[in-house]
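Single-structure report; data block below.
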Number of protein chains: 2
Amino acid sequence: MFSQAEENYLKAIYALEEKLQKNISTNILASKTQTKASSVTDMLKKLAIKQLITYKKYQGVQLTKTGKDAALIVVRKHRLWEYFLVNKLNYGWDEVHDIAEQLEHIKSETLIDRLEKFLKSPKFDPHGDPIPDKDGKIMRIKTVNLLELKVGQKGVLDNLKDSSDEFLKYLNKKNLALRDRIKVIDIEPFDNSIHIETKTHQLVISKKVAGNLNIKI
Amino acid sequence: MFSQAEENYLKAIYALEEKLQKNISTNILASKTQTKASSVTDMLKKLAIKQLITYKKYQGVQLTKTGKDAALIVVRKHRLWEYFLVNKLNYGWDEVHDIAEQLEHIKSETLIDRLEKFLKSPKFDPHGDPIPDKDGKIMRIKTVNLLELKVGQKGVLDNLKDSSDEFLKYLNKKNLALRDRIKVIDIEPFDNSIHIETKTHQLVISKKVAGNLNIKI
DNA sequence: AATATAATTTAGACAAGGCTAAAAATATAA
DNA sequence: TTATATTTTTAGCCTTGTCTAAATTATATT
Ligand SMILES: [Mn+2]
Ligand SMILES: [Mn+2]
Ligand SMILES: [Mn+2]
Ligand SMILES: [Mn+2]
């Protein structure tokens, strides 16, 4: 079994690999894990010894098959717990991250599979992110970034590039939720802000915000 | 906030105080926490500095008000999670201890109260132990040890003195469960074994087993 | 190609929480 | 009331995971 710290690093490396599609650097990992580069280096050595990553000094790291499998289990646990917190304990989607961050480390051979069954095997977490199955298999949905839509095009808000509590609170305030149908009314060329329409209201969002919204056409 | 280790010590001291009704010695605490006496001494110093226990060298310890309150919160969390595991995830009462031992340490201002609400505020855990409320208040039920019953007397199995997985598995095997109605058929003077009858069957239990069964008359 | 800057690693330290072995205090027994 | 046994504490060490400061390597810029 892996320690809580090891699991957090594995998950962080996994997330960064998904996003950046290349070797993950010490500094990026340090900022993601809220630690210092020197601490990261220490941990990378340990993970390398355990064959969870391939690590050559100064070259960044990548997960091995074993490491990726381990990371996917943590991701699975994190997202199933998030689903539990939102759908059973009535938390908002902007309130569950820190708690899931702890729950994902509970050690048990059976717990997470029983939880999954209890939740009726949800396929996506409250932020639209796919929940890996027992074998680490992920259901991927094709989406495009809202920035890529042209005026007049429509789609459904499927997931977010940024699931930080701050961004989620922004979406709450603007009354935007997953599965909302969104239509592009106008694109302002000056600052690339986008005028959109949902079933219930219209609003203008900045380029930055739009870049965090992934749409299923 | 307290560390996981601190919480485990507080809970252990609390449990021993309930059982022994006196100052708790280093050695007893060491065996309860599966550590060495020297490690216990170290931790006791830390807890004393934090005013969670009163500690005078060689004299054993007892919880302060603050310490007891903290311990009761951990007990509350432990028992609510056990209830969740048994009643929502369908675990057996002999399978939940280790998992609850971890879940009880999840840090959140709101989680345990939401869990309690979701579970509809159960008052007892799967082993018949009372679940402290938000303020640490415990509902105590008057019970007598099965050893104190005379031939012919009846009662209901309410809770256990020993809730170890081993003893729970023994009870499973013998088809004895909480809330079973039990009647004393005969007491064997030679070894104090007790012949009992439930709604469904009869059996003979040893003095040792009987001593772990608390009965509500 | 040499130099300046940025990224990464190393060296050394620290806190938490554990251990063993030895010393000290307390309890028990002769 | 000594002597012995038991319990508890102290001293010193270890591992994990973190840090700062210094050294090293890689990258960017002249
Ligand atoms: Mn985590
Ligand atoms: Mn999520
Ligand atoms: Mn615990
Ligand atoms: Mn219990």
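If you're wondering where the values come from, they're calculated on a predicted model, not measured in any experiment. So you know, we letter chains A, B, ... as the sequences are listed, proteins then strands, and number each from 1.
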A:K57 side chain near C:dT10 phosphate (N/O to OP1/OP2, under 4.0 Å): yes
Pair B:N8-B:H105, side-chain donor/acceptor within less than 3.5 Å: yes
C:dT9 phosphate, OP1 or OP2, under 4.0 Å from A:T41 side-chain N/O: yes
Watson-Crick or G-U wobble mate for C:dA30, both contacts under 3.5 Å: D:dT1
side-chain N/O A:T26 vs C:dA7 OP1/OP2, d < 4.0 Å: no
Distance in angstrom units between A:D42 CG and D:dT15 C1', rounded: 13 Å
Length of the line joining A:Q4:CD and C:dA16:P, which is rounded to integer Å: 17 Å
A:D135 side-chain N/O to A:K137 backbone N/O, donor-acceptor pair under 3.5 Å: no
Under 3.5 Å: donor-acceptor pair, side chain of B:T143, backbone of B:I215: no
A:F2 CZ - D:dT15 P separation (whole Å): 20 Å
base_contact_polar (C:dT20 base, B:S38 side chain, donor-acceptor, <3.5 Å): yes
N/O donor-acceptor pair under 3.5 Å between A:E17 side chain and A:L63 backbone: yes
N/O (side chain, B:N27) to phosphate O (OP1/OP2, D:dT8) under 4.0 Å: yes
Which nucleotide in C:dG18, D:dA26, D:dT8 has an atom nearest any side-chain atom of A:Y58: D:dA26
A:Y55 vs C:dT9: side-chain N/O to OP1/OP2 distance below 4.0 Å: yes
Complementary nucleotide of C:dT10, counting Watson-Crick and G-U pairs under 3.5 Å: D:dA21
Sugar-phosphate, base or nothing in reach of B:A37, heavy atoms under 4.0 Å: base
Heavy-atom donor-acceptor pair, B:K77 side chain to B:I106 backbone, under 3.5 Å: yes
Nearest-angstrom distance from the residue atom NZ of A:K56 to C1' of D:dA26: 15 Å
Separation of atom CE in B:M43 from atom C1' in C:dA15, rounded to whole Å: 12 Å
Phosphate contact (D:dC19 OP1 or OP2) by A:S39 side-chain N/O below 4.0 Å: yes
Protein-nucleotide distance (A:E6, atom CD; D:dT18, atom P), rounded to Å: 10 Å
N or O in side chain of B:K36 less than 4.0 angstrom from C:dG18 OP1/OP2: no
Euclidean distance, atom NZ of residue B:K46 to atom P of C:dA15 [Å, nearest integer]: 11 Å
OP1 or OP2 of C:dA16 under 4.0 Å from side-chain N/O of B:Y9: no
A:K45 side chain near C:dT10 phosphate (N/O to OP1/OP2, under 4.0 Å): yes
Expected output: side-chain A:Q102 to main-chain B:K107 donor-acceptor under 3.5 Å: yes
Separation of C:dA7 C1' from A:L44 CG (nearest whole Å): 13 Å
